[in-house]
2 protein chains.
Amino acid sequence: MKSLSIKDIAVKANVSITTVSFIINGKAKEKSISEAVIEKVKKIIEESGYKPNQIARSLRTGHSNIIGLIVEDISNSFFSRIARLIEDKAYKRGYKIIYSSTENNIDKAKELINMFKSRKVDAYIISPIKGIEEDIQMLLDDGNPVIFFDRNLPDINTSYVGADHFDASYQSIQNFIHQGKKNIALVTTDINVKQIVERCDGYKKALEDNGIKYDDNLVLKIHFNQEEGETIDQMKKLFEQRNIDAVLFATNYLAISGLKALKQINKKIGDDFSVIAYDDHEAFELHTPGISALQQPLEEIAENVIKLILQQLSSKTKLDNQEIIIPAKLILRD
Amino acid sequence: MKSLSIKDIAVKANVSITTVSFIINGKAKEKSISEAVIEKVKKIIEESGYKPNQIARSLRTGHSNIIGLIVEDISNSFFSRIARLIEDKAYKRGYKIIYSSTENNIDKAKELINMFKSRKVDAYIISPIKGIEEDIQMLLDDGNPVIFFDRNLPDINTSYVGADHFDASYQSIQNFIHQGKKNIALVTTDINVKQIVERCDGYKKALEDNGIKYDDNLVLKIHFNQEEGETIDQMKKLFEQRNIDAVLFATNYLAISGLKALKQINKKIGDDFSVIAYDDHEAFELHTPGISALQQPLEEIAENVIKLILQQLSSKTKLDNQEIIIPAKLILRD
DNA sequence: AGGATGAGGTAAAACGATTTATAAGAAAAC
DNA sequence: GTTTTCTTATAAATCGTTTTACCTCATCCT
C-alpha cells in the first residue's frame with residue numbers, strides 16, 4: 001500500500017529518476033529527451049496513477065504552491081464568501097489556499113503566522129488585527145509576499161485591497177439626511193483597525209458637511225468579544241432612550257444583533273426609523289421590511305487580491321505596493 | 001534572510017544535529033542527554049527564534065499534522081460553522097485543518113482528494129458527494145482515516161457522524177399535522193445522498209403514519225446547481241397553484257429561496273401557512289414571523305468528528321467503524 | 001581481571017523529489 | 001583524423017529533518 005515514488009516509475013520505465021523528473025516537469029524537450037522515452041514514461045505514470053509527493057517537492061524547491069489566508073472568523077459570511085472566491089480563483093492558477101481564523105486573538109494570529117511560515121506557504125493574504133505588526137514586518141523582511149484585505153494596518157507598508165469604507169459611510173449618512181433624519185446613530189466595534197476608523201470618519205464628516213453636530217452619545221462602541229446578549233442590551237438602551245431616527249451599523253453581525261434588539265423592544269423599521277448595515281447579509285434581503293445595506297464588492301476584492309498576489313509571486317523583484325480601493329454599493333431596500 | 005535550520009543551531013551550540021533533534025522532540029531524557037546540554041540548546045533555540053521546517057519533518061516522518069476537510073461549499077453557514085468548530089478543536093490538539101469546497105462537482109472533489117493525498121494529510125473529514133466512492137475507497141485501502149459527516153455514502157464502509165435526518169423530518173411533519181395541516185409540501189434537492197433521502201423518508205413515513213397519502217405533486221426536487229431565479233420560480237408555482245398549508249424545506253438555502261419566493265408572491269407565513277427549514281440560519285430568527293427550523297447540533301457533530309479522528313490517529317490498528325447519530329432539535333418560532 | 005551496563009553523545013541513512021554537472025556516442029567541423 | 005558540438009541520458013548533491021546504529025568512557029559486578 002505504500003504510495004509510489006518517482007523511483008518506482010523510473011524502475012518500471014527502465015530509465016533514470018532524473019529523466020522521469022524532467023518529463024513530469026515538462027522539461028523533457030528542453031533537456032532533449034527522445035519522444036519515445038517521453039511517451040513510455042507518461043504512459044506508465046498514467047497507468048499507475050502516480051502523483052508526485054508534494055512535500056518532497058516543496059522541500060527541494062522551497063515553495064509549496066500554497067497561499068495562507070488569515071481572517072478574523074471564517075464563519076462570518078463576509079469572510080467565508082471572500083475565502084470561497086479567493087479559493088476558486090487561486091485554484092484555477094494552480095494554487096491551494098489554507099485558511100484559518102484568528103478570532104481577533106493576537107496570540108492565535110501569531111501562532112498561525114508561525115505555522116504558515118514553517119509550512120513554507122508562498123504568500124500570505126491577511127485581514128489583519130492590531131498587535132501583529134512585528135510578525136508581519138518579519139514576513140516582509142524575509143521577502144514573503146503579504147497582502148492585506150478588508151483591513152489595513154497603518155504602520156505596515158504592503159499592498160492592500162478593500163472597499164472605500166469612508167465613502168460608504170459618508171454616502172449612507174447622506175442618504176439618511178436626505179430622508180430628513182436628524183438623530184443618526186452609529187453602532188460600531190472597539191477594534192482599532194483602519195477600516196473601522198474610516199467608517200466612523202465617514203459618519204462624522206457627513207454630519208459635519210450637513211451642519212449637524214457630532215454627538216458622542218449617539219455612537220455606541222461594542223467590545224469585540226462580548227456576549228451577544230450584552231450587545232443586544234446595550235443597543236436596546238440606545239434605541240429606547242433617545243429619539244433616534246436612523247442607525248448605521250458598522251458590521252453585519254452588529255446589524256444582526258441590532259435587528260434582534262429592535263425586535264425585542266418591538267420597534268419597527270419604517271418611515272420614522274431607518275437602518276443601514278455595513279456588509280450585506282442574506283438575512284437583510286429577506287427581512288420585512290428589507291434592510292438597506294452597504295454591499296462590498298466581494299468578487300472584485302477577491303479578484304484584485306489574487307491578481308496582486310500572483311503578480312508578486314511571478315516577479316523576481318519586489319513590486320511596488322499598491323492600494324486598491326473599491327467603492328461599496330448602497331443597496332436600498334423597501 | 002535564509003531561515004535557520006537545525007544545523008545552524010547545532011553549530012551554534014557546538015553539538016550534533018542529532019542532539020538538537022532529540023531535544024526538540026522531547027526525547028532528550030530518554031536518550032540521556034545531560035541537563036547542561038539541554039539547557040544550552042534550548043536557550044539558543046529560544047533566542048534565535050528557530051522553528052523546525054515542517055515540510056522536512058513531514059517528509060521524514062510521513063505525517064503532516066494536517067487534517068483535510070472537504071465540504072460542499074464553505075460559504076454555506078452550516079459548513080463554515082462546523083469548519084470553524086472543527087478547526088478550533090483540532091487546533092487545541094496540535095492539528096491544523098485545510099479545507100476546500102467541492103461545489104458538488106465530482107471532478108473537483110477528486111482533484112481535492114488527490115491534492116490532499118499528495119500533501120500527505122493525516123486524515124480526511126468529508127461531507128461526501130456521490131461519484132467519488134472509488135477515490136474514497138482507495139484512501140481507505142491505503143489505511144487513511146476517513147470520516148464522513150452530515151452525509152453518508154451507502155457503499156462505503158467508514159465512520160459517520162450526523163444528525164438524525166429521518167427523525168427530524170418525521171418530527172416536523174408530525175408537528176404540522178398536529179397543527180391540523182393537510183397539504184404538506186416538501187422542497188428538496190435532487191442530489192442523491194443518504195441524508196437527503198432520509199429527510200424524504202421521514203416525510204413520507206410521517207404522512208403514512210397519520211393516514212395521509214403521499215402525493216408526488218407536493219414534492220419539489222430542485223436541481224443542485226440551478227440558478228436561484230429559476231428555483232424561486234418553481235417554488236412560486238408550487239406555492240400558488242395548490243392549496244398547500246405547510247412546507248418543509250430540506251436545506252437552509254432552499255428555505256431562503258423559498259422565503260424570497262413567498263415574499264414575491266406576497267404570501268404570508270402564519271396560521272394558514274407554516275414552514276419549517278432544515279438547518280437553522282441566522283436569517284430565520286430575525287425573520288418576521290420567526291421561521292421554525294430543525295437545528296443541527298453543530299457543536300456535538302464537530303466534537304464527535306474530532307473525537308473519532310483523533311482516536312483513529314492515535315491507534316496503530318484500524319478501529320471499528322462507528323456511526324454516531326445525533327438528534328436534531330426542532331426550534332419552533334412565533 | 002574481564003565482561004556487562006550505563007551515560008552521553010554522534011555519524012550517516014533515509015524520506016522523495018529537483019537540479020547541476022557530466023558521460024558516451026554520433027555527427028559535424030576543421 | 002582530430003576536435004567540437006549535439007543528442008540522449010544519468011549520477012550524485014541537495015533540501016531539513018528523524019532515527020537507527022554505533023562509539024567511547026566510566027563504573028559495576030563477579
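In what follows, chains are A, B, ... by sequence order, proteins preceding strands, each numbered from 1.
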Novice: Grab the CD1-C1' distance between Ile23(B) and dT10(C) for me, whole Å please.
Specialist: 13 Å
Novice: Pick base, sugar-phosphate or nothing for Ser32(B), based on heavy-atom distances below 4.0 Å to the nucleic acid.
Specialist: base
Novice: With a sphere of 6.0 Å drawn around NZ of Lys42(B), does it hold more than 12 non-hydrogen atoms of other residues, nucleotides or ligands?
Specialist: no
Novice: Checking Tyr160(A) side chain against Asp150(A) main chain: does a donor-acceptor pair fall under 3.5 Å?
Specialist: yes
Novice: To the nearest Å, give me how far apart CD1 (Ile38(A)) and C1' (dT7(D)) are.
Specialist: 13 Å
Novice: Looking only at atom types and distance, does a side-chain atom of Ser32(A) sit under 3.5 Å from a main-chain N or O of Lys29(A), one as donor and one as acceptor?
Specialist: no
Novice: How many Å lie between CD1 on Ile45(A) and P on dG16(C), as a whole number?
Specialist: 16 Å
Novice: Below 3.5 Å between N/O atoms, which protein atoms pair up with nucleotides 17-22 of chain D? Just atom names and distances, please.
Specialist:
from: dT17(D); atom 1: OP1; to: Tyr50(B); atom 2: OH; distance (Å): 2.9
from: dT17(D); atom 1: OP1; to: Asn53(B); atom 2: N; distance (Å): 3.1
from: dT17(D); atom 1: OP2; to: Ile6(B); atom 2: N; distance (Å): 2.6
from: dT17(D); atom 1: O5'; to: Tyr50(B); atom 2: OH; distance (Å): 3.2
from: dT18(D); atom 1: OP1; to: Asn25(B); atom 2: OD1; distance (Å): 3.2
from: dT18(D); atom 1: OP1; to: Asn25(B); atom 2: ND2; distance (Å): 3.2
from: dT18(D); atom 1: OP1; to: Arg57(B); atom 2: NE; distance (Å): 2.8
from: dT18(D); atom 1: OP1; to: Arg57(B); atom 2: NH2; distance (Å): 3.1
from: dT18(D); atom 1: OP2; to: Ser21(B); atom 2: OG; distance (Å): 2.7
from: dT18(D); atom 1: OP2; to: Asn25(B); atom 2: ND2; distance (Å): 3.2
from: dT18(D); atom 1: O2; to: Arg60(B); atom 2: NH1; distance (Å): 2.4
from: dT19(D); atom 1: OP2; to: Lys27(B); atom 2: NZ; distance (Å): 2.8
from: dT19(D); atom 1: O4; to: Thr18(B); atom 2: OG1; distance (Å): 3.4

Novice: So, Asn321(A) and Asn157(A): side-chain donor and acceptor under 3.5 Å apart, yes or no?
Specialist: yes
Novice: Give the rounded distance in Å between these two atoms: CD of Glu30(B) and P of dG8(C).
Specialist: 15 Å
Novice: Any chance the side chains of Asn304(B) and Glu300(B) put a donor and an acceptor closer than 3.5 Å?
Specialist: no
Novice: Looking at OG1 of Thr61(A) and NZ of Lys120(A), how far apart are the two atoms once the value is rounded to the nearest 0.5 Å?
Specialist: 11.5 Å
